[in-house]
Structure formats: structure tokens, C-alpha cells
Amino acid sequence: MQLPEYPESYWRRTAELPVFPKLTQNLETEFAVVGGGITGLTTAYLLAKEGRRVALLTADRLLSGTTGYTTAKITAQHDLIYDELISNFGEDKARMYYEANAGALSFMRILVAGQGIACDFVDEDAVVYATGEQGLHKLEKEYEAYRKLGIEGERYDTLSLPFGAIAALSMKRQARFHPVPYAAFLASEIVRMGGEIFEETTVDKFHDGEPAKLTTKDGDTVTCDAVASCSHFPFFDNGFYFARLHAETSYVIAVKSPYDYPGGMYINADEPKRSVRAVTYNGEQLLLIGGESHKTGQSDCTIEHYEALKRFAEDAFGVDEIRYRWSTHDLVTLDKMPYIGLAREGTPNLLVATGYRKWGMTTSALAARLLADTLLERDNPYKELFGPSRFHASPDVGTLAKETADVAYHFVKGKLEWLRKDPEELGLDEGAAVRIHGRRCGAYRDHEGKLHKVDTTCTHMGCETEWNAGDRTWDCPCHGSRFTFSGEVLNGPAKKPLQRL
Ligand SMILES: Cc1cc2nc3c(=O)[nH]c(=O)nc-3n(C[C@H](O)[C@H](O)[C@H](O)COP(=O)(O)OP(=O)(O)OC[C@H]3O[C@@H](n4cnc5c(N)ncnc54)[C@H](O)[C@@H]3O)c2cc1C
Ligand code: FES
């Protein structure tokens, strides 16, 4: 069974989003929300619902970031996390994390039912399963954590699915949905309630002051009382987020299978990670198989990750056709707790929400509530838990040291690398880092034979990007920026394209 040649997200094809204009003049508003993913849309929706003036600004189109490529499980079962949270934060905070996410799921369920949003919202159990001794050990500890925290979970010795599970732990009545109609509903409601949305509008800088000011890449300004950064990687420079976040890429394939899938959302406790859920497409069922995480820009052969998922799908379910494949990345904080709240000390009108560790469906809803409450000067029980200025010696110090060393290693490695390939040696649809006149460059020869050459130096902080053959992109190993083969920015923190040569 062949993989589709081009990566394409199932979500982006199956439902249309309304189109919004680009910002072409200076704007005044009360609140500016930067980022048109699920976090930005939900935040702007909550503010507009309160009758406040809000403008949402996003680079590219709505959902062009990670939300457009998610697997869209809505669950508080964030893989294995509760045992670790108890160790790092204590029982009370671990319980609050659960309650915040369970509350977010309820918010989404009530919104979808109350407003009749046709977004394939289906209640399903979320299940973590173990196939080996290590996974089993972790699962037992997680089960113990569920019991301590009062989380409703059920422990099984086996599963009726062909994963070879030797144990499983379920969280009852979680959900899955289609994020595009949900986002389309939020966008149209924002506008109906008087808010504004601008696409193709990249925000370049935040200028401190009262009022606050944003400038866009094209030089327009937005003057406002406060700004919420929902741009995945924070769009502003200060706050050391580049040292406190790392990007992890994962892969997804959508397959048609003869297997009679009984429902449920599964993820395994062992390595390599595998995530499975069903999705309905034009009246027929596909299976979404995800996994194969690695730090963005740090894989030798990205195609191999799709191949590994394909082998898993064939072994477990049998595969008639692979309809879609795609990869995307999410951000992880030093202590695995998202950063939501005041972005930095001493700047009361700049808020941020980031670092969801691939669990942004519930986290975005709780983040939006927390950002809106902070902007509206209301209490919220989770302000301290998610506050970005927190610092815990453990695990923060160890992780920070590791991340810093990793960035330094990749920065230097990229500069010293010995590159053999001459661009003339590249075949059709082949890309590589090459040396031209002694200088490291990136070259990709497209299907028509045209050579696209870029300077591989990342425009964020100067690391060398690496070729991603699976997606035909240039990916930065330091903080996860991604660029098309011709150098356009796909994902930040970089805002400027790679220089074309
Ligand atoms: C493979 C994979 C599977 C996943 N599956 C799940 C799942 O099943 N369940 C779950 O809960 N989570 C899942 N996640 C995580 C979830 O998809 C993300 O956490 C979530 O979508 C992040 O949403 P966001 O709105 O914060 O960011 P994004 O969706 O990335 O939105 C950010 C937006 O900001 C815009 N932007 C960036 N910079 C600027 C700028 N300077 N100016 C203006 N706009 C800017 C971008 O264009 C983008 O549209 C998964 C993640 C991955 C990688
Ligand atoms: S993303 Fe920071 S250097 Fe490339």
C-alpha cells in the first residue's frame, strides 16, 4: 500500500472555513488576540460574547497552524501524566490539572450541544494501553494516581483490539470531533457579535505601554488595552520562551481498513507511541493512526516515520487504502505544564497560552477561559497553576540544562557539518543540504526539474535547518520553525522566510 505522495491534512480538505480580509490599515480595539488556531478563536469568542471589542489577527489562514493537523481527541487523559504531576507538583495541583481539563471538555460538549454545531462530536472512552513490562509498570502507577485524585478510570487486563495489550486504563466519556466546523462556528460568532478577524496578518512586534501597540510585518499597527498571544510559539521576543519550550513533531496517516473498529480512542504507554481513533469521512469510516514523535528538525529520514505507522496499521487492522498523511508539531514546556497567563513579569497587558504537549483540544478551552478571565479582571482558580512565571527546581533545572545543551549542539553541528552533495546530483523531488561556493545551502529539485535554493540558516536565531523529505520542508532543530522548500515560513517562531539564493 503506497503512501500518498503529498502530505495533506484530512481536516483541511473536508470543511470550508470562511475567508477574512488582511489588515491593511491601522486599527484600534480593546483586546487583540494573535493566532487563528483553536486557542485564539476560543479566546476571541469568549471576549466577544462578553460584549468586548476584540480583533483576532492571524498569519496565513485560520487553522493553518497545528490545529489544522491535529487528531482532535478531546480528553483529560493526556497520555500518562497524573503520576508525574503528583511527583512534580503534589496531589492538589495534579487534581486541579485534571479538573481544569475535565471542565474544558464539559465546556466544549455544552457549546456543541447547545448551539447545534455539526462537528461530528462523539462521546468515547479514552484508553491508555500497555504492551510490554515497562508500559505495564507506568500504567499501574497511573492507575494509582487516578485513585488518589478521584479520577474515574477502569483498569483492564486485556483489550478486544489487535494491539497485543496486556493491560489498559480507560477514562470514561471523553470525546472526539472535527475541529474545522467547530472553528468555523467560533469565527462566524466572533464576527456576528461585533469582533473582527484578519487573516494573512503576521504580527511582528509587541510594544509595551498603555495602550499597548502591535506592529505587523507589513507595518500596520494595532492599538489596544491588552494582547493575548495564542500564536503557538509566542510571537513576541522577550520572556525566554525559546529556552523554555521545545517542539515535537508527530505523524498521522488516515487509512481505510476492513477492520470492524469498535470505537474508542487509544494510545499506548510503551514506545514507539501509537494513537488510534476513528473518523467519519463522506459517510465511511477511516482510522487515524498517529505517533513517531521526535524533536522537530531532528530526524534523519522523516519518510521512515510514515512507513512505520503504515506497518503498524497493516499489522493491526489491515489497510485497503491510505488516504491522507501529514505531520505537525506541538510545543512542550520544561515541566510539561502549559504556560497560560501573564507572559512576563512587569507587563500586565501581554498574555500568552502555549506548551500544550499535544493535548491542546481541552487545554485551548481552559486557556481561553483563563485568558479571558484575566483580561476581564475576574478570578480564575487556575491562574497560579498555569502561570508562566512559575519555576520549579525539579524538573525545570534539569530539563533547561538538557534543552540548552541540545540547542547548542544543533547550532554548532549545523555549522560544522561536512556536506558531500552537489546540487547537480539531486534527482527529481529530492532535497538536501549542499555546499555552494563553500557555503551551506538548501536545495530541492521539484518534479519539473527546477532547483529551489535557499540559505538554510534559520531566520529566528541562526541555527541550520534540516531537510524533511517526508513533507518537503526545511525544519529547524533548535526551536521548531518550519519553512517550505522555497523558504516561506510555515511555523514560527521565525517570522521571516529563508533567504532565496
Ligand atoms: C500530530 C498531533 C496530533 C495531535 N492530536 C491531538 C489530540 O488528539 N487531542 C488534543 O487535545 N491535542 C492534540 N494535538 C495538539 C493540538 O492540536 C494543539 O495543541 C493545538 O491545536 C494548538 O492550538 P493553538 O491554537 O494553540 O495553535 P495553532 O493551531 O498552531 O494556532 C496558532 C496560529 O497562530 C498563527 N501565528 C503564528 N505566529 C503568528 C504571528 N506572528 N502573527 C499572527 N499569527 C501568528 C499561526 O498561523 C496559527 O494559525 C496534537 C498535536 C499533534 C502535533
Ligand atoms: S527556530 Fe530558533 S533558531 Fe530556528
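As the structure lists them, so they are numbered: ligands from 1, and atoms in each ligand from 1.
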**Report entry** Identity and separation of the nearest protein heavy atom to atom 50 (C) of ligand 1
**Finding:** T70 OG1, 3.7 Å
Requested in this report: Report yes if the SG atoms of C478 and C463 are separated by under 2.5 Å, and no otherwise.
Outcome: yes
Report task. With heavy atoms only and a cut-off of under 4.0 Å, state how D60 meets ligand 1: side chain, backbone, both or neither. Result -> neither
Report task. Determine the sole option in L370, L371, I340 for which the side-chain contact (heavy atoms from CB on, under 4.5 Å) test with N380 is passed. Result -> L370
Query - Taking atom 36 (N) of ligand 1 as the reference point, the nearest protein heavy atom with its distance - result: S231 CB, 3.8 Å
Query raised in the report: Is it the side chain (CB and beyond), the backbone, both or neither of H329 that lies under 4.0 Å from ligand 1, heavy atoms counted?
Result: backbone
Report task. Can you pull out the closest protein heavy atom to atom 14 (N) of ligand 1? Residue, atom name and distance to 0.1 Å, please. Result -> K358 O, 3.2 Å
Identify all side-chain donor-acceptor contacts of residues 287-296 below 3.5 Å with residues at least two apart in sequence or on another chain.
| unit_1 | atom_1 | unit_2 | atom_2 | d |
| --- | --- | --- | --- | --- |
| E292 | OE1 | H305 | ND1 | 2.8 |
| E292 | OE2 | R274 | NH1 | 3.0 |
| E292 | OE2 | R274 | NH2 | 3.0 |
| S293 | OG | S250 | OG | 2.9 |
| S293 | OG | K358 | NZ | 2.6 |
| H294 | NE2 | Y251 | OH | 2.7 |
| K295 | NZ | E403 | OE1 | 2.8 |
| K295 | NZ | D406 | OD2 | 3.3 |
| T296 | OG1 | A247 | O | 3.3 |
| T296 | OG1 | T249 | N | 3.4 |
| T296 | OG1 | T249 | OG1 | 2.8 |

**Report entry** ligand 1 versus S327: contacting region, heavy-atom distance under 4.0 Å
**Finding:** neither
Which pairs would a plain distance check flag for residues 38-47, meaning a side-chain donor or acceptor within less than 3.5 Å of a matching protein atom at least two apart in sequence or in another chain?
| unit_1 | atom_1 | unit_2 | atom_2 | d |
| --- | --- | --- | --- | --- |
| T39 | OG1 | Y356 | OH | 3.0 |
| T42 | OG1 | I38 | O | 2.5 |
| T43 | OG1 | T39 | O | 2.7 |

Query raised in the report: With distance as the sole test, does E142 use its side chain to make a donor-acceptor pair with the main-chain N or O of I81 at under 3.5 Å?
Result: yes
Tabulate below the donor-acceptor pairs under 3.5 Å that side-chain atoms of residues 227-236 make, not counting sequence neighbours, or state none.
| unit_1 | atom_1 | unit_2 | atom_2 | d |
| --- | --- | --- | --- | --- |
| S229 | OG | S231 | OG | 3.3 |
| S231 | OG | F233 | O | 2.9 |
| S231 | OG | F235 | N | 3.1 |
| H232 | NE2 | T66 | OG1 | 3.4 |
| H232 | NE2 | D330 | OD1 | 2.7 |

Query raised in the report: Are any of the N or O atoms of V34 closer than 3.5 Å to those of ligand 1?
Result: no
Report summary line: Total protein N/O/S atoms sitting under 2.8 Å from atom 2 (Fe) of ligand 2, waters ignored, is 2
Query raised in the report: What do we get for A353 next to ligand 1 when only non-hydrogen atoms under 4.0 Å count, side chain, backbone, both or neither?
Result: neither
Report task. Using a 4.0 Å heavy-atom cut-off, say whether T201 meets ligand 1 through its side chain, its backbone, both or neither. Result -> backbone
